[in-house]
Amino acid sequence: MIKININNEIDIYRSTLDFNSKFNKKIFIDKLKIVDTLVEASRPAKKTPGRQSALSEMYIPELNFIKDSVSDLLSTEFNVSNNFIMKTWVYYSDSDNGYSGYHTHETLHPKPISSVDKVKTNYTFTYYLQMPNNLKNDEGKLFFRTKSGFEIGILPNEDDIFIFSAELEHRPETNPNSTKSRIVIAGNTAFFDEHLRKTEKSFL
């Protein structure tokens, strides 16, 4: 796993999962298309970056491999507990997606609607199952922005996974010239340990 330091402010981590040696990528993408018809997906809008479908309740071997890999990386590379909640989704960015805005994943639910949903997350991950083609300039890059305003763009390769603080602002640059969708498996983690300590304190 490669550690990338951004302007001496924060680290992001990049690795590969060797997915294609274990699974057929096309079959997995076809499964995701079926999932997309079964769940309520967020559709592209003026201020929506692409299309997203929830995966947290799905039992798919390929998805479980990605989630287990994240757990292993957090445990071995970050030396943190692998006792956590994980919320996952698939993100599609087609050539007609014209929006790319900075955002964070500081709570487990993207739009908290109750105190239960306001669970603080620790890490976000993005796994690049398929990358767009015909890229020009900064198209297709994953951009990060630190609290001081410093920005950096990194072009992922297929099979790359990035893990970073859930508080770090990031955005996927659009890919208007591509004939292929960008397909990303993404997720947030929230450690039980931290929230259990808060629960124990509330009983005192």
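Predicted, not measured: the structure shown is a model, and the values here were computed from it.
A distance of 11.0 Å separates CG of Asp72 from OG of Ser15, quoted to the nearest 0.5 Å. To the nearest 0.5 Å, atoms CD (Glu139) and OG (Ser95) are separated by 10.5 Å. Asp160 CG to Ile154 CD1: the interatomic distance, rounded to the nearest 0.5 Å, is 9.5 Å. One distance of note links OG of Ser93 with CD of Glu173; it measures 9.0 Å at 0.5 Å rounding.
Taking a cutoff of 4.0 Å between a charged side-chain nitrogen and a carboxylate oxygen, Glu158 and Lys25 qualify as a salt bridge. Ion pairing of Glu62 with Lys31 is present here, as a side-chain N (NZ or NE/NH1/NH2) and a carboxylate O approach within less than 4.0 Å. Taking a cutoff of 4.0 Å between a charged side-chain nitrogen and a carboxylate oxygen, Lys141 and Asp138 qualify as a salt bridge.
For Leu17 against Phe65, the heavy-atom pair with the smallest separation is O-CZ, 3.4 Å. In plain terms, the two heavy atoms of Asp18 and Asp159 that are nearest each other are N-OD2, 2.6 Å. Closest of all the heavy-atom pairs between Glu9 and Thr146 is OE2-OG1, 2.7 Å. Smallest separation of non-hydrogen atoms from Arg171 and Gly101: CB-O, 3.3 Å.
No more than 12 heavy atoms of other residues, nucleotides or ligands shown are found within 6.0 angstrom of NZ on Lys26.
Taking the six-membered ring for Trp and thresholds of 30 and 60 degrees, Phe164 and Phe144 have ring planes more than 60 degrees apart, a perpendicular arrangement.
Each of Asp30, Leu63, Ile60 was evaluated against Val35; a single residue qualifies, Ile60, per the side-chain contact (heavy atoms from CB on, under 4.5 Å) test.
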task = Determine, step by step, whether Ser53 and Asp36 satisfy the side-chain hydrogen bond (donor to acceptor under 3.5 Å, both in side chains) criterion, reporting the C-alpha distance in whole Å, the side-chain angles of both residues, the deciding distance to 0.1 Å, and the verdict.
result = CA-CA 6 Å; Ser53 298; Asp36 197 41; 2.4 Å; yes

Check against side-chain hydrogen bond (donor to acceptor under 3.5 Å, both in side chains), Ser178 and Asn134 = CA-CA 5 Å; Ser178 180; Asn134 302 326; 5.6 Å; no

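Between Tyr127 and Phe162, the distance separating the two ring centers is not shorter than 6.0 angstrom. A ring-centre distance under 6.0 Å is not found for Tyr102 and Phe143.
Side chains of Thr124 and Asn188: a donor-acceptor N/O pair is present below 3.5 angstrom, by distance only. Checking Asp94 against Ser181 by side-chain atom types alone, a donor-acceptor pair falls below 3.5 Å. Thr179 and Asn133 form a side-chain donor-acceptor contact under 3.5 Å, judged by distance and modelled atom types alone.
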